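Taking it in order: structure first as structure tokens, then the write-up.
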Amino acid sequence: MSDLAPRDRLGRVLSKQGVDRPPVICTGGMMNAAVLGVMEEEAAPKLPAAHFSSEGMAALAEAVHHATGFENIGVPFCMTVEPEVLGSRIDPGTLACEPKIAAEAYASSAAVDIQDIRTLLKSGRIGTVVQAAYYLKRRNPEVPIIASLSGPVSTAASVVDPLSFLKELRTKPQDAHRVLDYVTRLLIAYAEEVARNGADVIAIGDPTATGEILGPKIFRDYAVRYINQLCDAVHAAGKPVIVHICGDMSRSREYLADLHCDAISTDAKVNLVRLKEDYPQLNTMGNVSTTLLEFGDAEKVSRTTERLVRDGIDIISPACGLSTSTGLDNIRALTGAVKTTRLN
Amino acid sequence: MPETPEDLHEALATAVLELDEVLTADLCNKAVALGYDAWTTIEQGLIAGMNRAGKLFDEEEYFVPELLIASDAMYAGLGILRPHISQANTIHGRRVVIGVVQGDTHDIGKNLVRIMLEVAGFEVFDLGRDVPAQAFVDRAVEVNADVIALSTLMTTTMTQMSKVVSILEEGNIRHRFKVIVGGAPLSQQFSDRIGADGYAPKAAQAVQLAKQLTGLVNAAA
């Protein structure tokens, strides 16, 4: 089993079959490894241009894979694809800074203008990501291609002013549900399209959907409900799904076990060993601190990574979004440690 | 409806705590109509209620949506009572310039800190989100601020914080301002490394930190 291809190893873990060692991945999207070092070292397309070209996106994703040692290829490199399609204005960012929302499309949930999903699917950069996944799959049959989507709550809070949206989750639940239903229908159509065209795995990053912001009741009533609709649709399309939730889950922790995902990725604040003890059915993923990766030394990164491997964490990954100034040496220390740590 | 000023203050604090903006406004209008002292009504009613909401937030009974709705109720009440504050009442006058650093537009945390600082009597100058380092310094100099409060949620933009400190040092005005930092990826260690005066992991602790650094309370308290 020691010569498992990366695609098979990740596939086996996500379907709860035995493997020689955990895969080490970085999903793309909010957690992407398109750090400055990759663009300096490799003759790769540069950001921000690569956000806007399918060939550029695919080639940069391949360069990330080669330079870092992560055992997957992930696209895109931001969380703004979906909000942009839904009408928010984005700032494309720079070489060193990812794109972000410059202005949300709507001031309140009630103001959201529901549009035809099929039409939206053909607009903005959804096609760019789908086409990039297509190229990647053709060129890299042994490597799992991961398409990263922004989760329902984060997308909704990037389309409606986030402060209004967070309040309306409590004060105007009907309006908030209407927006989340709309956003989730778009995400499902997008996930189906990119799965059909090359993505082996769908990753959902929903940083706003943390229990730390929402509290347990809203996390359960909104985040779990809509993330699960998306997970179920991805499963119906025959693909596995990884969900990343940010922050210290505190009182919402128990609801992580209700998510219909094949692996749950958490922030460095969450103790994955304890999470696994409490909910043995969960596949855990994470969670090498991004602060350690940026500011620590390679030896400490290796030690931390080895501990996660020995602790039986199912998939090893950075804990959250990497800073673009994170050094390649530290990232290679992470991926290298996973590949060399021997389990007794 | 309550019969005495004390009853009204208590009802007002409860209305803010229970996120009832309409009742908060009604009670504030009643306080004005009855000629109750506006400053005391703000302090004993609105701010007391907001502080109770803040306490529930610290205890993880309330989360961000609840705190934002409570602050909407408080601001609605403040809008009614403010014109009736007598001149004799002044706040402590400490000033804070706050914003989310350049490259980042996540401002939920910054807004919570602003609300809690205002509740604690600080005069807050909110520069919004995606704010260039130089703009923090310019505004702090312009309003003669006591504290510069910097927020970011993204690891990518943390370096903007040290840029603010550098600009202050280059201008030989570092000593005039206390620089405090906050945001999910930060730590006390990071704050120490960039030469900031302090870090707070939560909104309420940021207020405590600002009070300590501006001499409103001593560090031991």
Side-chain angles (χ1 to χ4, degrees), chain A residues 30 35-36 80 88 90-91 93-94 96-104 154 157-158 161-171 176 207-208 210-219 222 246-248 250-252 267-269 289-291 293-295 318-326, chain B residues 18-22 56-73 75 100-112 114-115 128-130 132 152-162 183-194 199 201-203:
Chain A
M30 66 165 288
V35 298
L36 291 171
T80 56
S88 291
I90 69 152
D91 172 338
T94 62
C97 192
E98 58 262 59
K100 55 188 179 276
I101 307 298
E104 292 82 13
S154 301
S158 303
D161 172 80
L163 294 186
S164 301
F165 183 73
L166 288 173
K167 287 185 274 190
E168 286 163 358
L169 288 170
R170 238 195 110 125
T171 57
T208 308
T210 169
E212 205 174 333
I213 293 178
L214 302 179
K217 185 174 184 303
I218 293 178
F219 182 79
Y222 291 92
C246 280
D248 175 2
S250 61
R251 287 185 45 211
S252 306
D267 218 332
K269 289 177 189 168
S289 158
T290 50
T291 312
L293 281 166
E294 183 171 15
F295 299 110
C320 202
L322 288 166
S323 165
T324 49
S325 53
T326 305
Chain B
E18 291 178 351
L19 318 179
D20 193 334
E21 184 176 329
V22 174
L56 288 190
F57 182 70
D58 282 345
E59 292 167 359
E60 298 189 353
E61 281 298 318
Y62 274 9
F63 290 86
V64 174
E66 290 80 11
L67 206 59
L68 291 173
I69 299 166
S71 74
D72 274 2
Y75 284 124
V100 178
V101 299
Q102 188 161 36
D104 194 352
T105 55
H106 300 92
D107 59 0
I108 294 169
K110 181 268 294 173
N111 288 324
L112 292 183
R114 185 199 65 212
I115 290 163
R129 55 195 201 180
D130 199 10
T152 190
L153 184 70
M154 292 159 64
T155 39
T156 324
T157 49
M158 285 160 65
T159 45
Q160 285 291 323
M161 295 181 162
S162 53
L186 274 52
S187 62
Q188 183 62 49
Q189 197 191 359
F190 173 79
S191 167
D192 294 343
R193 186 168 49 233
I194 68 164
Y199 156 80
K202 297 262 181 200

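The figures that follow rest on heavy atoms only: side chains count, while hydrogens, waters and symmetry mates do not. Note that the structure is predicted; figures quoted are calculated from it, not measured. Within every chain, numbering begins at 1; the chains are lettered A, B, ... in the order of the sequence lines, protein sequences first and strands thereafter.
- Between chain B and the residues A:Ala96, A:Gly247, A:Ser323, the largest count of heavy-atom pairs under 4.5 Å involves A:Ser323.
- Contact of A:Leu322 with chain B is made through the backbone alone, with heavy-atom distances under 4.5 Å.
- Shown here for B:Gly103 and A:Cys97, the closest heavy-atom pair between the two residues is O-SG, 3.7 Å.
- More than 12 non-hydrogen atoms from other residues, nucleotides or ligands lie less than 6.0 angstrom from NZ of A:Lys269.
- Contact count against chain B (heavy-atom pairs under 4.5 Å) is highest for A:Leu163 among A:Thr291, A:Thr324, A:Asp248, A:Leu163.
- Residue B:Glu61 touches chain A through both its backbone and its side chain, counting heavy-atom pairs closer than 4.5 Å.
- Both the backbone and the side chain of A:Pro216 come within contact range of chain B, judged by heavy atoms closer than 4.5 Å.
- With a 4.5 Å cut-off on non-hydrogen atoms, A:Ala102 touches chain B through its backbone but not through its side chain.
- Only the side chain of B:Asp72 comes within contact range of chain A, judged by heavy atoms closer than 4.5 Å.
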Please determine whether side-chain contact (heavy atoms from CB on, under 4.5 Å) holds for the pair B:Gln189 and A:Phe295, giving the CA-CA distance in whole Å, both sets of side-chain angles, and the decisive distance to 0.1 Å.
CA-CA 11 Å; B:Gln189 197 191 359; A:Phe295 299 110; over 6 Å; no
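- In this structure, CD on A:Glu104 lies 7.0 Å from OG1 on B:Thr105, to the nearest 0.5 angstrom.
- Contacts of B:Ser187 with chain A are absent, with no heavy-atom separation under 4.5 Å from either backbone or side chain.
- The residue among B:Asp107, B:Leu186, B:Ile108 with the most heavy atom pairs within less than 4.5 Å of chain A is B:Ile108.
- Here the shortest heavy-atom pairing between A:Ile213 and B:Pro65 reads O-CD, 3.2 Å.
- Contact tally against chain B (heavy-atom pairs below 4.5 Å) for A:Leu214, A:Thr290, A:Thr208, A:Thr94: the top residue is A:Leu214.
- No part of B:Leu67 comes within reach of chain A, as not one of its non-hydrogen atoms sits under 4.5 angstrom from that chain.
- Looking at residues two or more places apart in sequence or on another chain, you find a side chain to side chain contact (heavy atoms under 4.5 Å, CB included) between B:Ser71 and B:Met50, B:Tyr75, B:Ile115.
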A:Glu294 and B:Arg193: CA distance, side-chain angles, deciding distance, salt bridge (charged side-chain N to carboxylate O under 4.0 Å, His left out) verdict
CA-CA 13 Å; A:Glu294 183 171 15; B:Arg193 186 168 49 233; over 6 Å; no
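- For A:Thr171, the side chain to side chain contact (heavy atoms under 4.5 Å, CB included) criterion is met by A:Glu168, B:Ile69, not counting sequence neighbours.
- Between B:Arg129 and A:Ile101, the shortest heavy-atom distance links the atoms NH2-O, 4.2 Å.
- The line from CZ of B:Phe63 to CZ of A:Arg170 is 11.5 Å long, rounded to the nearest 0.5 Å.
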